[in-house]
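Reminder, nothing fancy here: chain letters follow the sequence lines and each chain counts from 1. Below, all heavy atoms of this structure are taken into account, side chains as well, without hydrogens, waters or symmetry copies.
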Amino acid sequence: MKSFLRIINILLLVTALAAGAFCAWMWQAGGRFPEEKYAQEAESLRAQAETRRAETAAAVAAQEENAAALRSDLRSAGEEGAALAERLTDLRAEQEEKAARLETLTLDVEGASSIYERMLTLRKEYAQTIRQLEEKIVAGESDVKICYWTLDDGPTYHTQQFLDAAREMGVYVTFFTSREANDSAYNDDPAVERDLLRQEAMAGHAIQNHSNSHQYSLVAGNLYTMGMDSFKEQVLLQDEWIYECTGLKPDIFRFPGGSAHAFSRLPREEVLAFLEENGYVWIDWSCDIFDNARADQTAQTEYANAVYEVKTMDIAVLLSHDWNANTLSAFQRAVPVLKEAGYVFLPLFSESWTIGNTEIVFS
Amino acid sequence: MSARHAVHRKKKSAGSVAAGLVLMVLLLAVTAGAVYMGLQFRSRYIQRRGEAEAAVAAAQAELEEAQAQYAAVDPDDPANAQRLTDIREKVLSEAREEEQKLRDELAELDAALKDTEAKLAELESDEDYAYYKAIYDSYAEGKAYVEELLADH
């Protein structure tokens with residue numbers, strides 16, 4: 001038994017030594033493992049991969065750049081590209097130019113189609129601008145003076161001459177027209193009358209209502225002595241005639257003979273209500289050239305009257321008549337003198353400050 | 001040999017066997033421990049080597065992928081040069097299409113211009129248009145004149 005144990009123990013000792021050697025060998029092998037070498041190899045491979053990726057990105061960028069360059073500038077695509085680029089540039093420029101021309105033309109067509117509405121709008125703006133100037137003058141804030149030179153009872157055979165004179169002198173006047181006022185004296189032609197009214201409008205003068213008949217005589221007149229209906233008829237006939245001839249609606253009525261004649265025969269409130277209902281304000285005048293009632297007036301006296309009367313006020317509404325040859329002469333002489341004195345000559349619209357603010361002077 | 005001496009010898013022999021047994025147990029334990037530790041060290045070695053080799057393999061795969069990506073865009077590769085040519089052709093083709101489109105649009109513009117010019121000419125030849133235009137122009141001139149007066153005085 002003892003010998004057996006001894007042998008076993010000897011064998012076990014050998015085994016233990018072998019196991020110890022194995023353990024030591026494995027421990028040592030672990031310590032000698034070339035981890036660093038593996039890490040360096042992996043790092044090297046990753047660095048190569050990174051370099052390749054950078055090269056790939058550069059190649060992609062170069063490709064995209066080439067494609068973008070081609071798209072943005074065809075000239076970089078060879079001769080054909082250069083020719084195409086040139087043609088495209090020309091075509092685009094042509095398209096742009098034609099599109100702009102079409103836009104302008106379209107606006108012109110729209111403008112032409114709506115010329116009437118635009119003209120009416122502009123007329124209102126013009127009248128309001130004049131009103132601003134009047135208010136400045138009334139407030140003493142402007143040294144400008146205004147003369148509204150009004151010519152009653154036309155159109156007549158002198159109207160054309162008045163129009164020519166106004167154009168030559170660069171002034172605007174106001175025609176208080178009356179279709180029948182001068183029929184018996186001038187045997188007017190309707191077509192000529194229509195043409196004269198349209199000329200007045202085209203030249204920028206104001207065309208207002210002075211009744212159709214102008215008959216305010218106390219005996220046979222149909223304006224003030226035959227009742228309201230007759231008066232209304234004469235106002236509306238003239239209103240329609242002006243509109244038919246000019247396409248413009250008059251908005252100021254001047255009573256033939258002056259408002260005092262009308263209001264002494266017709267109910268004032270009813271007359272004013274009627275005028276208002278039909279879009280009218282009314283006006284007399286603030287100074288007179290005296291070319292109607294007094295037969296002894298000459299061109300010289302009318303000229304002197306005009307200059308003297310107008311110069312007494314900063315905003316003057318001057319009464320005259322365009323059937324009077326002396327008045328034409330006075331007009332041609334007085335306007336330059338008054339212009340020299342600082343007066344401007346403008347058309348009279350219903351927006352004018354003078355409406356309701358005009359000191360009436362009777363001839 | 002006396003009985004007492006025989007008993008003493010018997011006791012001494014039993015002690016020797018016990019010591020041999022203890023030694024055997026000790027040697028067994030040492031052997032088992034050494035084998036266990038050796039296996040542990042081996043296992044850890046294998047694991048570390050596997051990890052290191054896997055890291056190298058992953059880096060290798062990464063490189064191969066990068067190589068493949070580069071190959072797809074390599075400017076020295078004729079296939080890629082062809083791709084650029086294709087892009088050029090495509091761009092030129094698009095430009096030709098645009099040219100045709102522009103020509104078509106210009107033809108439409110020409111037609112529209114002709115129509116609009118005709119329409120404008122018709123409107124402008126109208127007597128009423130000329131008349132109202134003349135009034136408009138006169139008002140415009142008058143308004144400008146009054147505005148000048150307002151500004152200057």
Please determine, among [options], the option with the most heavy-atom pairs under 4.5 Å with chain B.
| options | result |
| --- | --- |
| V344(A), I130(A), L11(A) | V344(A) |
| A85(A), P347(A), G20(A), G247(A) | G247(A) |
| Q28(A), E141(A), E80(A) | E80(A) |
| P34(A), A112(A), A21(A), G30(A) | A112(A) |
| K37(A), E43(A), Q48(A) | Q48(A) |

Where does [X] contact chain A at under 4.5 Å (heavy atoms): side chain, backbone, both or neither?
| X | value |
| --- | --- |
| Y36(B) | neither |
| L39(B) | both |
| R48(B) | both |
| L123(B) | side chain |
| I46(B) | neither |
| D110(B) | side chain |
| A140(B) | both |

Please determine, among [options], the option with the most heavy-atom pairs under 4.5 Å with chain A.
| options | value |
| --- | --- |
| V35(B), D74(B), V146(B), D137(B) | V146(B) |
| A55(B), A112(B), A95(B) | A95(B) |
| G20(B), A52(B), A57(B) | A52(B) |
| Y132(B), Y45(B), Y129(B) | Y132(B) |
| I87(B), L102(B), D126(B), V30(B) | L102(B) |
| E65(B), K90(B), Q40(B), Q67(B) | Q67(B) |

Inspect the surroundings of [atom1] in [X] and state if more than 12 heavy atoms from other residues, nucleotides or ligands are less than 6.0 Å away.
| X | atom1 | result |
| --- | --- | --- |
| R96(B) | CZ | yes |
| E103(A) | CD | no |
| R44(B) | CZ | no |
| E117(A) | CD | yes |
| E122(B) | CD | no |
| R87(A) | CZ | yes |
| K119(B) | NZ | no |
| Q128(A) | CD | yes |

Using atom types as modelled and distance alone, determine if a side-chain donor or acceptor of [X] lies under 3.5 Å from a backbone N or O of [Y].
| X | Y | result |
| --- | --- | --- |
| K143(B) | L122(A) | no |
| N9(A) | L27(B) | no |
| Y131(B) | T246(A) | yes |

Report task. Kindly determine whether R198(A) and D128(B) satisfy salt bridge (Lys or Arg N to Asp or Glu O under 4.0 Å), including the steps that lead there. Result -> CA-CA 10 Å; R198(A) 287 170 79 87; D128(B) 280 347; 3.5 Å; yes

Atom [atom1] of [X] and atom [atom2] of [Y]: how far apart are they, to the nearest 0.5 Å?
| X | Y | atom1 | atom2 | value |
| --- | --- | --- | --- | --- |
| T116(B) | E110(A) | OG1 | CD | 10.5 Å |
| E64(B) | R52(A) | CD | CZ | 13.0 Å |
| L84(A) | E94(B) | CG | CD | 11.5 Å |
| E124(B) | I115(A) | CD | CD1 | 9.5 Å |
| L109(B) | E96(A) | CG | CD | 11.5 Å |
| K98(A) | L113(B) | NZ | CG | 7.0 Å |

Heavy-atom contact with chain B under 4.5 Å, split by part of [X]:
| X | result |
| --- | --- |
| L5(A) | side chain |
| L88(A) | both |
| F345(A) | neither |
| E35(A) | side chain |
| A39(A) | neither |
| S44(A) | neither |
| L120(A) | neither |
| E125(A) | both |
| L17(A) | neither |

For [X] versus [Y], what's the shortest heavy-atom pair and its separation?
| X | Y | answer |
| --- | --- | --- |
| Q69(B) | T56(A) | O-CG2, 3.7 Å |
| L92(B) | G81(A) | CD2-CA, 3.6 Å |
| A59(B) | L45(A) | CB-CB, 3.5 Å |
| C23(A) | A34(B) | CB-O, 3.4 Å |
| F33(A) | R49(B) | CZ-CA, 3.1 Å |
| L105(A) | E117(B) | CD1-CG, 3.4 Å |

Query raised in the report: So Y139(B) and Y126(A), would you call those rings parallel, tilted or perpendicular, with 30° and 60° as cut-offs?
Result: tilted

Query raised in the report: Under the criterion side-chain contact (heavy atoms from CB on, under 4.5 Å), which of I137(A), T129(A), L133(A), I146(A) is the partner of L149(B)?
Result: L133(A)

Requested in this report: With R118(A) as the cation and Y136(B) as the aromatic partner, state whether NZ or CZ is under 6.0 Å from the six-membered ring centre and within 45° of the axis.
Outcome: yes

Query raised in the report: Is it true that R92(A) and E98(B) have a side-chain N and a carboxylate O under 4.0 angstrom from each other?
Result: yes

Report task. For the pair R53(A) and E62(B), evaluate salt bridge (Lys or Arg N to Asp or Glu O under 4.0 Å) and give the outcome as yes or no after the intermediate values. Result -> CA-CA 10 Å; R53(A) 277 198 291 269; E62(B) 198 179 321; 3.0 Å; yes

